[in-house]
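In what follows, a single structure is set out as structure tokens and then discussed.
Heavy-atom basis, side chains included; hydrogens, waters and symmetry copies ignored. So that the names make sense, note that chain A is the first sequence line, chain B the second, and so on, each numbered from 1.
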Amino acid sequence: MKDLEYYAYPDLREEFYYKRLKNGLSLYLLPKSDYQESYAMLTSFSGSLDTGLTEKNFPEGVAHFLEHKLFEMSDGRDVMQDFTSLGADVNAFTTFDRTCYFFSTTQNLIPCLDLLQEFVQTPYFEEESITREQGIIAQEIEMYQDDPDACLYQGVLKNLYPNTALENDIAGSLESITQIDKGILEKFYAKYYHPSNLALVVAGNFDVTEVYKSVKAKQAKIRYKRKSSCERAELTYYPVIKSDSRPMEISQSKLAVGFRCRTVIDDEYLLTYKLAIRMLFMLLFGLTSKRYQDWYDSGKIDQSFDFEVEIGRDYQFVVLSLDTPEPIAMSNRIRQAIKHFEQDVDVTYDQFNDLKRELYGDFLRGFNSLEYTTNQFVASLVSGQNLFDWLTVLDELDFKTMIGYGRVFVDNMDTTDFTLFPK
Amino acid sequence: MKIAEGIYLHFIKNTKFKTNHIKVRFTGRRDEKTIAKRALVAQMMESVNAIYTTQQAFQKELSRLYGASLSTQVTTRGLVHMVDVDMVFVRENFLLRDDSIVRDCLAFLEAALFHPLVSVAQYRPKNFEVEKKNLLNQLGADLEDPFYAADRKLREIYFENPVLTYSKYGTKELVEKENSYTVYQEFQKMMQEDRVDIFVLGEIEEYLMVQLAHQFPQTPRRQALEFSVARNYSKITREKVESKEYHQTLVNLAYQLPVSYGTDDYFTLLVFNGLLGGFSHSKLFSTVREKEGLAYTIETSFDVSTQLYKVYAGIDRNNRQRVLQLINQQLSHLRLGRFSKTEIDQTKKMLEHQAMLAEDFPESVLELAYNHATMGDLALDLDVWLARVHQISKEDIMRLARKIKLQAVYVMEGHAQ
């Protein structure tokens, strides 16, 4: 296919094709001929953060609300039914910075692809159904409010980023969703669903030429409004709330320690920075660390101990979460460990190299699942890279660089903790 | 391949995944006396052993082996309890530089299986106590999930046999009673008496696996395994309502499901469930959620091995009667044949999709292999399976819908401010 850019990774037995279509939509095709499944994901690079962070032009939860509503077609029918008739599974999710619509099929890829583009790129909103959707989403929000782990995470985010869109659930709040109406959905759609802000990734068992031609033809038929600016407003950094807690129906205290960093990293180095911070935290707190072993053996932590590294263009934070009988002491120990990471017994050159092998293995393993591969592919597009760039970054990252980035993070970080304790 | 009576080795040649998968499955009885012990054995196996005496050493070796994983998993089916030891590692041709890890990975698995960390006829007490506490914590944490907690409550009122109401790890009380001696004894008993199936998915030389399989005590294993258990129909529908500090109210319904695996009714059940609650076009999803906007979660699930059919939903407290009424109404629509051919066809297509997908996931390939090994002729090949699904008629579905009877209702009423 001459039209398409081709990228091959023979060592991994993976490849993909890329084309930016005339209307601006980015198309990525990842053929996997020995799979039954084909999996496609159409992504708008807009998410819960796109409320106009400072001025809050949109009510919180609008991206997620729109995600729900796009499934409704102009004649009032639910597009899920059409996918079902094709024997395909369809769904969607919203994150901080993207909204993804996807399906899985084993038999009808081309008609499913048509349908996916059709429903995401042809908005239709009806007042009455918007009211009904508020009821459904209210239940969704309440479900998260009853989930201790979701509450813990939301609690620590609120401490780290008060008065911003990050302080609320991605789905918004019971109050904010009542402010959403037809006009707001249309406005949000016009701003963030221009084809140039969309990417379509298709992985699975298909003929590349056939899929390319069909998407090209479909996109040529889709109507869209003139492009408007969809730059994300910059996140406002209010002082972190140093500590907070609340009671809940749980059996043991849950602690989350959050670190927020504020620094500017060039796009080109974002992936390296992200990997370096993740590796540093894995060395300090992972299953292979002496610290984990000691804490585990002495009952300070259990298998629930976990951490999440979130580094994007607009935000950089790490959250450690644990069930523990001694939240206050543990918070201190965690903070101390990070501050003095350069002297840490687990942050060694040898362990760093073993960890690189581990991450390489994890990376390969991910390719077993088309869903996972597609998800990861899209996630790396958010930071302007392709999935395979990650491998180069992993290969090239050296110990000294990791230490250097670790220092950048630690020198520019604010810390908080949030605790849920049993009633 | 039969290694001894009750010890089997199964090879599934497959090169589409980037990893090799070995599953060693111990199958024994799901019994009140042993369930917690077996869960603790699983917990010990994935933590430490005589070669890797600390968790740190254990994990460091896995990290060095390109992020290989060794984990255990406990599951139940009818009156059968299964403990799986799963080892997953990257296939040789994807490794950097001419590295080889197969033998090291097998040695690692061997250590986990055959070299427990013992001191005089017991697990080393210090490690045992840590793992026991961990399991107890986990049992507590699991119940913090309202949906899971509500499901456990529903089981308590639906089942008469206590062991069917326990989690797959047993109960807190049962775990608390165990010690490093009793659990180590159970480990030895599993080694001697459990049925053992070893599944190898990927590319590993046969003789290496045969050597491993021969390390199991070559004693014949002839336990009677009951993969399904019947439940008596009760004329009374048991109901329970409890008030909790949650935002959502959860309604959970249990129906008696007189269907066994592999029978005609079983295939009817697949279609019936798809129509009622299994998919997004299903009656419950499209009515309770899409049409009336009453729920975000409204789902069904079934387990033929214990004859349980479930419907559950997360709703607002004030809508409880309405939702129960709708569930009842939709079920009665199925009984009366108020559903279209289109809906049946959609459901069959979705079932076909799911069945075909199974080949793309190592976990489901392994599970299908186990079904073939234990269910014999009842486990069908894909094309026969599909043909059976396609044969199901509207009348079949109506007939089955009439057999499924409500037996228990549990409502967890949310009263959070």
Distance check, rounded to the nearest 0.5 Å: [X] atom [atom1] versus [Y] atom [atom2]?
X	Y	atom1	atom2	value
A/Asp78	B/Phe285	CG	CZ	7.5 Å
B/Ser63	A/Leu359	OG	CG	8.0 Å
A/Ile136	B/Thr297	CD1	OG1	11.0 Å
B/Asn127	A/Asp297	CG	CG	7.0 Å
B/Phe17	A/Arg365	CZ	CZ	12.5 Å
B/Met356	A/Glu37	CE	CD	10.5 Å

Heavy-atom distances under 4.5 Å only: say whether [X] touches chain A with side chain, backbone, both or neither.
X	answer
B/Lys60	both
B/Gln43	side chain
B/Ala295	backbone
B/Ser69	both
B/Gln56	both
B/Lys348	neither
B/Asp345	neither
B/Phe279	neither
B/Phe58	neither
B/Glu343	neither

Who among A/Ser129, A/Ser85, A/Ser33, A/Gly135 has the most heavy-atom pairs with chain B under 4.5 Å? A/Ser85
If we ignore hydrogens and angles and just use 3.5 Å, is the side chain of B/Asn134 paired with the main-chain N or O of A/Gln303 as donor and acceptor? yes
Electrostatic pair B/Lys244-A/Glu249, nearest N-O below 4.0 angstrom: no
Look at A/Glu14 together with B/Lys18 and state whether they make a salt bridge at an N to O cut-off of under 4.0 Å. yes
Does any backbone or side-chain atom of A/Gln134 lie under 4.5 Å from a heavy atom of chain B? Answer side chain, backbone, both or neither. neither
If the test is side chain to side chain contact (heavy atoms under 4.5 Å, CB included), which one of B/Leu294, B/Asp316, B/Thr249, B/Ile298 qualifies with A/Gln139? B/Asp316
Stepwise side chain to side chain donor-acceptor pair (under 3.5 Å) test for B/Glu131 and A/Tyr296: CA-CA 10 Å; B/Glu131 294 308 324; A/Tyr296 186 85; 2.9 Å; yes
Step by step, would you call A/Arg132 with B/Glu290 a side-chain contact (heavy atoms from CB on, under 4.5 Å)? CA-CA 8 Å; A/Arg132 204 164 51 226; B/Glu290 297 301 306; over 6 Å; no
Verdict with supporting geometry, B/His21 and A/Asn368, side-chain contact (heavy atoms from CB on, under 4.5 Å): CA-CA 12 Å; B/His21 297 248; A/Asn368 283 348; 4.0 Å; yes
One pair to check against side-chain contact (heavy atoms from CB on, under 4.5 Å): A/Gln81 and B/Gln346. What are the steps and the verdict? CA-CA 8 Å; A/Gln81 298 275 352; B/Gln346 283 178 324; 3.5 Å; yes
Side chain to side chain donor-acceptor pair (under 3.5 Å) between A/Ser104 and B/His353: does it pass, once the steps are laid out? CA-CA 9 Å; A/Ser104 152; B/His353 170 62; 3.1 Å; yes
